[in-house]
Amino acid sequence: MGDIEKLDLTFEKVTRVTKDGDIVQDLKEGYVYFEAGLDANGKKITIPKRVRLDKPERMLNKFVTKVKALAEEKYKEQKYYVASKTPPGIDVHLVNEEDVNDKMLLVFREVEQYMKSKNVAVMATGSVEF
């Protein structure tokens, strides 16, 4: 079995974005969009991610799980594809997972409040820094 490389991922900033400039339309279509800025072993990575509307805890879980997987792929591309090397197994560790979970859950709760009230003002958090 080959070597295992440890990949330390750190969320730095997550920004809520829109597909076509209209958050209300995005929500009507059943999604909320984000751009996650991460540090992956010193490499800066940006991951665009849309999340299907669901309960806040489920949206959070899907968001974190998918972003980690996408960041791992992007990291491999940046580090290994250029050198045409086969990447080793990668052990992904989310350094600030607790902080991400706490802060992003609040964002997903705002989305839930919007879905109940249809008042876009409840979605006050446009970006989160970690």
Side-chain angles (χ1 to χ4, degrees):
M1 183 161 167
D3 293 337
I4 300 282
E5 179 176 354
K6 187 170 183 201
L7 173 56
D8 286 327
L9 280 180
T10 306
F11 273 78
E12 295 184 329
K13 183 174 185 174
V14 175
T15 305
R16 193 181 66 239
V17 294
T18 59
K19 186 172 86 173
D20 295 317
D22 185 355
I23 183 75
V24 174
Q25 187 59 38
D26 290 347
L27 295 167
K28 278 183 184 170
E29 291 173 5
Y31 293 98
V32 61
Y33 294 81
F34 296 97
E35 219 169 63
L38 300 106
D39 179 283
N41 286 357
K43 294 182 183 304
K44 301 297 181 199
I45 293 178
T46 302
I47 305 289
K49 184 70 196 112
R50 77 175 185 183
V51 180
R52 181 176 286 285
L53 299 180
D54 201 337
K55 292 185 174 147
E57 294 77 12
R58 282 198 202 133
M59 287 190 286
L60 172 66
N61 189 335
K62 288 177 187 172
F63 174 76
V64 171
T65 303
K66 296 283 186 188
V67 168
K68 280 170 58 176
L70 292 167
E72 178 184 347
E73 287 306 307
K74 202 161 191 173
Y75 173 78
K76 282 189 216 174
E77 284 174 17
Q78 283 186 357
K79 182 166 182 182
Y80 294 99
Y81 184 72
V82 176
S84 296
K85 290 197 290 186
T86 303
I90 301 219
D91 175 26
V92 179
H93 173 69
L94 184 52
V95 175
N96 57 345
E97 189 159 6
E98 195 172 307
D99 195 26
V100 170
N101 287 341
D102 290 347
K103 290 179 178 176
M104 289 305 296
L105 185 58
L106 295 175
V107 172
F108 290 122
R109 285 197 174 132
E110 287 179 3
V111 172
E112 181 183 48
Q113 280 304 113
Y114 169 79
M115 296 311 294
K116 290 177 180 173
S117 69
K118 299 299 182 206
N119 177 359
V120 79
V122 299
M123 294 184 53
T125 309
S127 71
V128 180
E129 302 222 8
F130 302 97

**Q.** Residue pair Glu73, Lys76: steps toward the salt bridge (charged side-chain N to carboxylate O under 4.0 Å, His left out) verdict
**A.** CA-CA 5 Å; Glu73 287 306 307; Lys76 282 189 216 174; 3.5 Å; yes
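- In this structure, Leu70 CG and Thr46 OG1 are separated by 12.5 Å, a value rounded to the nearest 0.5 Å.
- Under the 4.5 Å side-chain criterion, counting only non-hydrogen atoms from C-beta, Val64 is not in contact with Met104.
- Remark: the backbone N or O of Thr125 is paired with a side-chain donor or acceptor of Glu110 at under 3.5 angstrom.
- Partner Leu38 forms a side-chain contact (heavy atoms from CB on, under 4.5 Å) with one of Thr10, Val67, Val14 and no other, that one being Val67.
- Atom-to-atom distance recorded for Leu27:CG and Leu53:CG is 5.5 Å, nearest 0.5 angstrom.
- Under a 3.5 Å cut-off, the side chain of Asp20 and the backbone N or O of Asp22 do not form any donor-acceptor pair.
- Considering only residues two or more places apart in sequence or on other chains, Phe34 meets the ring-ring contact (aromatic ring centres under 6.0 Å, His included) condition with Phe63, Phe108.
- To the nearest 0.5 Å, atoms NZ (Lys44) and CG (Asp39) are separated by 4.0 Å.
- A donor-acceptor pair under 3.5 Å is absent between the side-chain atoms of Asp8 and the main chain of Asn41, judged by distance alone.
- Side-chain contact between Arg16 and Ile23 is present, with heavy atoms from C-beta onward closer than 4.5 Å.
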Q: Go through the steps to decide whether Lys62 and Glu57 satisfy the test salt bridge (charged side-chain N to carboxylate O under 4.0 Å, His left out), and finish with yes or no.
A: CA-CA 9 Å; Lys62 288 177 187 172; Glu57 294 77 12; over 6 Å; no
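- Val111 and Val24 fall within the same hydrophobic cluster, defined by Ile, Leu, Val, Met, Phe, Trp and Tyr side-chain heavy atoms under 4.5 Å apart, directly or through other members.
- A salt bridge does not link Lys68 with Glu72: none of the charged nitrogens is closer than 4.0 Å to a carboxylate oxygen.
- Using a cut-off of 4.0 Å between Lys/Arg side-chain N and Asp/Glu carboxylate O, Lys103 and Glu98 are scored as not salt-bridged.
- With hydrophobic clusters built from ILVMFWY side chains whose heavy atoms lie under 4.5 angstrom apart, Tyr33 does not share a cluster with Val107.
- Side chain of Asp26 to backbone of Lys19: a donor-acceptor contact under 3.5 angstrom is found.
- Counting heavy atoms from C-beta outward, Tyr114 and Val120 have side chains that approach closer than 4.5 Å.
- Hydrophobic clustering of Ile, Leu, Val, Met, Phe, Trp and Tyr side chains at less than 4.5 Å, counting indirect connections, unites Leu105 with Met115.
- Separating the CE atom in Met59 from the OH atom in Tyr31 is a distance of 13.0 Å, to the nearest 0.5 Å.
- Taken together through direct or relayed side-chain contacts under 4.5 Å among Ile, Leu, Val, Met, Phe, Trp and Tyr, Ile47 and Ile90 form part of one hydrophobic cluster.
- In this structure, the separation between CG on Asp3 and CG on Asp91 is 13.0 Å, given to the nearest 0.5 Å.
- Comment: Glu77 does not engage Lys74 in a salt bridge, judged by the lack of any side-chain N to carboxylate O separation of less than 4.0 angstrom.
- Atoms CD and CE, from Gln113 and Met123 in turn, are 11.5 Å apart once rounded to the nearest 0.5 Å.
- Smallest separation of non-hydrogen atoms from Ala40 and Tyr75: O-CE1, 3.6 Å.
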